[in-house]
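Everything on this sheet refers to the single structure shown next.
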Amino acid sequence: MSGTTTGAITSALLLLFVMCGDAAEPTGNALFDAAAHGEVLLLAPRASRDEFGRSLADAGSNWTELANAVRELEGEEREACIRLVNGMPHLDRLEMTEETLLEHVEYAYRARTEMPYAVPDAMYEPYILTYRVEEEPVDAWRAELWERFAPVAQSERTAEATARAINRDLAAAVSEREKELFGPRQSPLLTLRSGRGTDAEISILAAAAMKAVGIPSRQAGVPALGSEEGAASWIEVFTGEQWVPLYPLEPDAFADFSFTEKEHWRNVTLVVTRSAFEELLVTENYTEVGTVELSFVSGGKPAAAFEHFSISVLNRGALVPLDALDAVADDNGQFTATLGNGRYIIQAGTRDESGNPFVMMRHISLTPGSTKRLAFDISPGGHEFSITREELARFEDALAVWIAFDLEGEPSRRMLPLIASVLDRRSKVLDVTFAYMGVNPDNADDAREALGQTAVIKTVRDRKEWYYVDELGEHHAIGESGVELPVIRIYARRGGEVILHSEGYDLNIERRLSRVIDDHLQELLDQ
């Protein structure tokens, strides 16, 4: 064959290759275009088609990996795959491969249909189909874990017996190592193959093993222990009747909710469960709890949706915020958290008109069944008056404070924590008496929680005694047809004059009390 003929054939083959390449699926950095690649969208049910298109567009040039996986599947598996794609975070869409996605969908479906126990329909997608447990790398782990643990499930026959058997297997196969300062979580397969992992990595492996054989599972743990350093991690499995704890390295503690508390006495602050991209708080299942009720006001009004605050634990010298609380105040400026017994720090921050930061910190101790109420005035320019210990000694009990209140409803219930927060920070210069105008013993207990165990609270049950006496000696009725509660009167020890009188609703009371008390102290300092 002549060189000319050979060159012509080579050119023709090259042209054919190029033409075939043009007709093939987009490769390289081609992006998804709904107009050009509309046939892919037709694979999705009509109700999720628009969302599927947005998900493919979000995947950048990796959209073909996701689309090809969807093309390979049919029926329920295809629809499940599309829901997985639509639920992925952005980075997973950029990294997920066709092979990995297919393995997760196909083996999850096998676990649903081939295991001897039934998987509740409502739990299949969130707790079995999902490919991620926590923040570990996205990996194709189902096939290997299926091959290892599916025979166990076929032998044990029930979800609980299978979970217990796998628990014993993992406890013998892996051991815990210390967490390194840097580096990401390792994948479940790396933990299994190496036989070592951190507390969290072993729990991720345990959850993946359960998901691989169709047992609903979710990671659980204490993100920050109390005074004890570090965190604690385990998983929860659904046995067919309820969620129970499974401790990967402690098979004898299966379903024992008290195990973590016994191992970390008085350090179980907050228990969080996590599955794929969902978090739930289940603290009360693992320890006795107390309640923290916070309220925020600004300019005398509730600080709706205020979010610049945190609840932290002092974790071996470091303040660790409990971010899982998702701390945001409601429309009334209030936030409630349920926590294990222990000591906590509440921090709230704001800035004045010049942009200068102002951070308030309060310390609380929770006991089982207790409720602690704290209030923060986050109005701009809310800086505290400072006074030295020597100066404080000069003005001890410089002011007498008398406060009458009830707790039947507003305004006393909302204002009392605001009042208490000011008086507590200036307790050395104040002689404070609280008068509870009511007969409900439960309300009196609530007042004790809000004001502190050392507060002087006098209960006045007889309505004939519901009055205050002014500086002229005249009696003024309180409640019903008299003045509205709460009533606040502050007297200067020197001279006996009344430097503040307040009646009824005033959400700016924290700022008013602070300024009146601090101004009086400043006058004393200037003398």
Side-chain angles (χ1 to χ4, degrees), residues 48 69-70 73-89 92 96 99-154 156-167 169-170 187-189 191-192 202-220 234-246 248 254 273-280 282:
S48 60
V70 171
L73 299 168
E74 296 180 351
E76 291 183 12
E77 291 182 70
R78 173 180 285 176
E79 292 185 11
C81 185
I82 290 171
R83 286 192 290 273
L84 269 186
V85 171
N86 288 345
M88 286 181 188
D92 286 3
M96 179 67 73
E99 181 182 6
T100 299
L101 186 54
L102 282 173
E103 179 175 316
H104 279 292
V105 175
E106 291 173 344
Y107 275 85
Y109 190 75
R110 289 188 67 180
R112 186 182 191 183
T113 56
E114 297 181 26
M115 290 295 96
Y117 37 80
V119 177
D121 289 340
M123 293 189 172
Y124 171 66
E125 288 197 11
Y127 300 113
I128 295 176
L129 175 65
T130 46
Y131 56 86
R132 184 185 285 285
V133 177
E134 196 211 45
E135 296 178 353
E136 74 281 7
V138 175
D139 193 11
W141 44 260
R142 285 191 195 260
E144 185 169 331
L145 295 182
W146 169 274
E147 293 298 326
R148 177 160 180 158
F149 297 118
V152 176
Q154 295 292 353
E156 298 292 343
R157 309 302 296 173
T158 69
E160 180 174 341
T162 300
R164 287 179 179 272
I166 294 175
N167 196 173
D169 188 326
L170 292 178
S187 70
L189 291 185
T191 301
L192 182 62
I202 293 173
S203 71
I204 290 171
L205 168 60
M210 298 300 157
K211 288 157 74 78
V213 294
I215 299 176
S217 67
R218 60 193 186 190
Q219 193 184 38
W234 62 95
I235 72 169
E236 288 188 342
V237 295
F238 189 75
T239 61
E241 297 181 357
Q242 63 175 333
W243 288 100
V244 298
L246 181 154
F254 183 89
T273 66
R274 185 171 187 173
S275 175
F277 317 113
E278 175 190 67
E279 287 188 348
L280 297 173
V282 293

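- With sequence neighbours excluded, no residue forms a salt bridge (Lys or Arg N to Asp or Glu O under 4.0 Å) with E76.
- Using a 4.5 Å heavy-atom threshold, the side chains of V152 and I166 count as touching.
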Exercise for review: Could you give me the CA-CA distance, side-chain angles and deciding distance for V105 and L73, then say whether side chain to side chain contact (heavy atoms under 4.5 Å, CB included) is met?
Suggested key: CA-CA 9 Å; V105 175; L73 299 168; 3.7 Å; yes
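- In this structure, CD in E279 is found 10.0 Å from CD in Q219, a value given to the nearest 0.5 Å.
- For E134 (side chain) and I204 (main-chain N/O), no donor-acceptor pair under 3.5 Å exists by modelled atom type.
- Side-chain atoms of T158 and T239, non-hydrogen and from C-beta on, never get closer than 4.5 Å to each other.
- Side-chain atoms of I128 and M123, non-hydrogen and from C-beta on, never get closer than 4.5 Å to each other.
- A distance-only check finds no donor-acceptor pair linking the side chain of T100 to the backbone of M96 [under 3.5 Å].
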Check your understanding: Could you go step by step and tell me if E160 and Y117 meet the side chain to side chain contact (heavy atoms under 4.5 Å, CB included) rule?
Key -> CA-CA 10 Å; E160 180 174 341; Y117 37 80; over 6 Å; no
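- Two residues are said to be in side-chain contact when any heavy atoms from C-beta on lie closer than 4.5 Å; L101 and V85 meet this criterion.
- Between V282 and E236, some side-chain heavy-atom pair lies under the 4.5 Å cut-off.
- Take F238 and apply the ring-ring contact (aromatic ring centres under 6.0 Å, His included) test, not counting sequence neighbours, and it matches W243.
- To the nearest 0.5 angstrom, F149 atom CZ is 10.5 Å from I215 atom CD1.
- Note that CD of E136 is 9.5 Å distant from OG1 of T191, once rounded to the nearest 0.5 Å.
- Side chains of Y107 and E114: a donor-acceptor N/O pair is absent below 3.5 angstrom, by distance only.
- Of all the heavy atoms in L102 and A69, the pair that sits closest is CD2-O, 3.5 Å.
- Listed by chain and number, the residues in a salt bridge (Lys or Arg N to Asp or Glu O under 4.0 Å) with E135 are R274 (sequence neighbours excluded).
- Considering only heavy atoms from C-beta on, K211 comes within 4.5 Å of T130 through its side chain.
- For the residue pair P137 and S187, the shortest heavy atom distance occurs at CD-N, 3.9 Å.
- The shortest non-hydrogen separation linking M115 to V213 is CG-O, 3.1 Å.
- The side-chain heavy atoms of Y131 and E103, taken from C-beta on, include no pair separated by under 4.5 Å.
- The shortest heavy-atom contact between P188 and L205 is O-CD1, 3.5 Å.
- Under a 3.5 Å cut-off, the side chain of S275 and the backbone N or O of E278 do not form any donor-acceptor pair.
- Between A80 and L129 the shortest heavy-atom distance is CB-CD2, 3.8 Å.
- Residues Y127 and V119 form no side-chain contact, since every pair of their non-hydrogen atoms from C-beta on lies 4.5 Å or further apart.
- By the salt bridge (Lys or Arg N to Asp or Glu O under 4.0 Å) test, E106 pairs with no residue at all, sequence neighbours left out.
- Of all non-hydrogen atoms in A163 and M210, the two that sit nearest each other are O-CE, 3.7 Å.
- Applying the salt bridge (Lys or Arg N to Asp or Glu O under 4.0 Å) test to R148 and every residue at least two apart in sequence or in another chain returns D169.
- Separation of atoms CG (L192) and CD1 (I202) is listed at 11.0 Å; rounding is to 0.5 Å.
- W141 meets the ring-ring contact (aromatic ring centres under 6.0 Å, His included) test with H104; sequence neighbours excluded.
- Crowding of Q154 atom CD: a count of heavy atoms from other residues, nucleotides or ligands under 6.0 Å exceeding 12.
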